[in-house]
2 protein chains.
Amino acid sequence: MKTEKISELTTNRLSVYLRCLNELSEEGAKTVSSGKLAKRFHLNSAQIRKDLACFGEFGVRGVGYYIDDLREQITKILGLDKDHRVGIIGAGRLGMALTDYYGLTQSNFEVVALFDADKKKIGSTIGGVEVFDFKKVKQVIKKEKIDVAVIAVPAEYAQKVLEEVSKAGIKAVMNFAPTPLQASSDVKVKSIDLTISLESLSYFLAQP
Amino acid sequence: MKTEKISELTTNRLSVYLRCLNELSEEGAKTVSSGKLAKRFHLNSAQIRKDLACFGEFGVRGVGYYIDDLREQITKILGLDKDHRVGIIGAGRLGMALTDYYGLTQSNFEVVALFDADKKKIGSTIGGVEVFDFKKVKQVIKKEKIDVAVIAVPAEYAQKVLEEVSKAGIKAVMNFAPTPLQASSDVKVKSIDLTISLESLSYFLAQP
DNA sequence: ACCTGTGAAATCGTTCACAGCA
DNA sequence: TGCTGTGAACGATTTCACAGGT
């Protein structure tokens with residue numbers, strides 16, 4: 001068991017392992033070895049063992065891992081045994097699509113509020129979720145106990161939005177605006193930049 | 001000038017540099033040093049120089065880089081001097097949102113077709129883009145000269161979709177389905193996995 | 001025989017520090 | 001003096017390889 005800082009690469013992979021285990025569990029398997037997991041899901045077995053070893057000794061030598069037990073452990077490690085309440089800032093197409101996306105997915109993330117500055121949108125509901133005035137973001141976050149914010153506004157407003165939700169006590173933010181954001185160190189920002197991804201594909205296509 | 005393989009991290013940063021240069025250019029600046037760029041956009045100056053050095057010697061000692069010249073160079077390197085035609089598979093909320101997103105963004109990526117298996121959707125248009133029967137994906141890709149595919153279908157269909165578009169000659173794929181995909185080595189797949197990102201935020205929130 | 005957990009080695013990426021040019 | 005381009009140092013991550021447990 002490592003006590004060092006856990007890399008984000010490791011936590012990302014934990015998500016992947018959990019998915020793999022869910023699949024195996026549905027097939028009725030009881031145990032699995034890191035080698036089998038690696039082969040089937042195209043991972044590296046040493047890496048699986050190392051990642052898991054950061055959090056404890058979950059395996060049994062000669063046997064492997066008990067699937068349901070390991071699922072439970074990873075669920076706890078990732079904090080997926082607790083529900084999260086999500087607020088999406090920006091009720092444009094992307095915000096709406098994300099609202100629906102998480103509405104459909106059965107997960108422990110629930111979208112409970114949308115925010116926008118556009119008077120025409122405020123008060124309407126999308127997939128059962130109300131659109132609030134962004135000016136009221138702080139009070140709604142408190143009232144609805146929102147703990148995850150999703151930024152789906154144009155790039156030029158993103159930093160301002162981040163500052164407002166931070167002031168309201170949000171510690172976890174997912175950013176879709178194509179711009180880097182400055183956050184204080186106790187706020188975690190994950191950025192998903194579609195432009196960078198597309199341009200990276202373009203680079204690949206441009207190679208001779 | 002390096003002749004080694006270029007890391008994806010480098011090409012991703014090239015996108016970022018290009019954005020920064022566009023911003024500076026709009027402000028009327030003519031030249032910029034790696035140090036200035038680094039300070040202003042919170043990057044590392046040595047890394048900027050190293051990244052650029054992979055592709056040539058674009059700078060002038062004692063001066064820095066000529067902004068418009070460097071913009072042109074990076075544009076060429078990333079293949080952004082050529083237009084790309086995008087087909088989105090899956091005309092659900094996400095596919096629709098992405099269609100609009102790229103429709104609004106003025107870029108060299110144009111969404112020219114949507115695909116779905118749902119008879120009710122086939123034939124309709126979203127933001128001026130027609131929804132085609134997925135069975136016709138190969139012929140539409142050829143006819144419309146589509147070179148980038150976006151997978152926005154449920155996870156269980158994603159691998160099948162990838163195989164079909166690969167057969168149609170697509171070499172660049174952006175995948176939004178929360179599942180890893182197997183592609184032949186001449187096809188570039190970029191996956192954006194919202195579930196992994198959210199679960200990683202959940203891990204952060206779960207830390208004491 | 002099989003499999004975990006883990007040091008050691010290899011690989012990959014970032015940052016430093018400076019020679020050399022304008 | 002100011003700045004680039006780059007070898008060298010450093011740090012992070014992945015993979016190997018094997019001791020040790022079942």
Side-chain angles (χ1 to χ4, degrees), chain A residues 1-17 20-21 24 29-71 73-74 77 180 196 200 203, chain B residues 1-17 20-21 24 29-71 73-74 77 180 196 200 203:
Chain A
M1 168 113 160
K2 283 252 179 49
T3 45
E4 300 163 38
K5 229 175 101 276
I6 309 297
S7 137
E8 193 158 321
L9 296 167
T10 296
T11 61
N12 287 348
R13 282 190 297 263
L14 247 35
S15 278
V16 173
Y17 303 155
C20 298
L21 291 168
L24 289 169
K30 292 295 168 221
T31 65
V32 69
S33 68
S34 60
K36 290 258 174 60
L37 258 183
K39 200 152 220 174
R40 164 135 174 203
F41 298 100
H42 307 94
L43 310 164
N44 177 293
S45 67
Q47 187 156 70
I48 296 172
R49 294 197 298 276
K50 270 248 161 90
D51 285 336
L52 295 176
C54 294
F55 302 97
E57 305 207 351
F58 304 126
V60 181
R61 286 162 202 241
V63 178
Y65 302 88
Y66 289 97
I67 291 176
D68 286 339
D69 176 46
L70 189 55
R71 281 211 296 169
Q73 299 284 353
I74 296 179
I77 292 165
I196 290 178
S200 166
Y203 171 79
Chain B
M1 168 118 161
K2 283 254 178 50
T3 47
E4 298 163 40
K5 228 174 103 277
I6 307 299
S7 139
E8 193 157 319
L9 297 168
T10 295
T11 61
N12 286 350
R13 283 190 297 263
L14 248 34
S15 280
V16 174
Y17 302 156
C20 298
L21 292 168
L24 289 171
K30 291 297 167 220
T31 65
V32 70
S33 68
S34 61
K36 289 258 176 62
L37 258 183
K39 201 152 220 175
R40 166 137 174 200
F41 299 100
H42 307 94
L43 309 165
N44 177 293
S45 66
Q47 186 155 71
I48 296 172
R49 294 196 299 275
K50 269 250 161 87
D51 285 336
L52 295 176
C54 294
F55 301 98
E57 307 206 351
F58 304 127
V60 182
R61 285 161 204 240
V63 177
Y65 301 89
Y66 288 97
I67 291 175
D68 286 340
D69 176 47
L70 188 55
R71 281 211 296 169
Q73 298 286 349
I74 296 179
I77 291 165
I196 290 177
S200 166
Y203 171 79

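Each chain gets a letter, A, B and so on, in the order its sequence line appears, and its residues count up from 1.
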Distance, nearest 0.5 Å, that separates OG of A/Ser33 from NZ of A/Lys39 =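 Spacing of OG (A/Ser33) from NZ (A/Lys39) equals 10.0 Å.
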
Can you see which heavy atom on [X] is nearest to which on [Y], and at what distance?
| X | Y | answer |
| --- | --- | --- |
| B/Tyr17 | B/Ile48 | OH-CA, 3.5 Å |
| A/Ser45 | A/Ala38 | N-CB, 3.5 Å |
| A/Arg49 | A/Tyr65 | CG-OH, 3.7 Å |
| B/Thr10 | B/Phe55 | CG2-CE1, 4.3 Å |

[X] has an atom [atom1]; how far is it from atom [atom2] of [N], in whole Å?
| X | N | atom1 | atom2 | answer |
| --- | --- | --- | --- | --- |
| A/Tyr65 | D/dG21 | OH | C1' | 13 Å |
| B/Gln73 | D/dG5 | CD | P | 12 Å |
| B/Leu9 | D/dG11 | CG | C1' | 15 Å |
| A/Gln47 | D/dA17 | CD | C1' | 16 Å |
| B/Glu57 | C/dA22 | CD | P | 11 Å |
| A/Ile67 | C/dC3 | CD1 | P | 13 Å |
| B/Arg49 | D/dG2 | CZ | P | 15 Å |
| A/Ile48 | C/dC3 | CD1 | P | 13 Å |

Can you check whether B/Arg13 has a side-chain N or O nearer than 4.0 Å to OP1 or OP2 of C/dT14?
->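 Yes, such a contact exists.
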
Nucleotide of C/dC3, D/dT6, C/dG13 approaching A/Ser33 most closely (side-chain heavy atoms) |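 For A/Ser33, the side-chain atoms sit closest to C/dC3.
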
If you look at every strand shown and take non-hydrogen atoms under 4.0 Å, does B/Thr10 touch a base, only sugar-phosphate, or nothing?
->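 Nothing, no nucleic acid heavy atom in range.
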
Which is true for B/Leu52 with a 4.0 Å heavy-atom rule: it touches a base, it touches only sugar-phosphate, or it touches nothing?
->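 Answer is nothing: B/Leu52 stays at 4.0 Å or more from every strand.
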
Please examine the side chains of B/Cys20 and B/Leu37, heavy atoms only from C-beta on, and report whether any two atoms are closer than 4.5 Å.
->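 Yes, their side chains come closer than 4.5 Å.
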
Does A/Arg61 make a side-chain donor-acceptor contact with the base of D/dT22, cut-off 3.5 Å?
->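 No, no donor-acceptor pair under 3.5 Å.
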
Go through the N and O atoms of the side chain of B/Lys50 and the base of C/dG13, and report whether any donor-acceptor pair is under 3.5 Å.
->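 Check fails, no donor-acceptor contact within cut-off.
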
Take atom OH in A/Tyr66; do more than 12 heavy atoms of anything else shown fall under 6.0 Å from it?
->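 Not more than 12 within 6.0 Å, no.
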
Near DNA chain C, which residues from residues 37-46 of chain B have a heavy atom under 4.0 Å away?
->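 DNA chain C contact set from residues 37-46 of chain B: B/Asn44, B/Ala46.
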
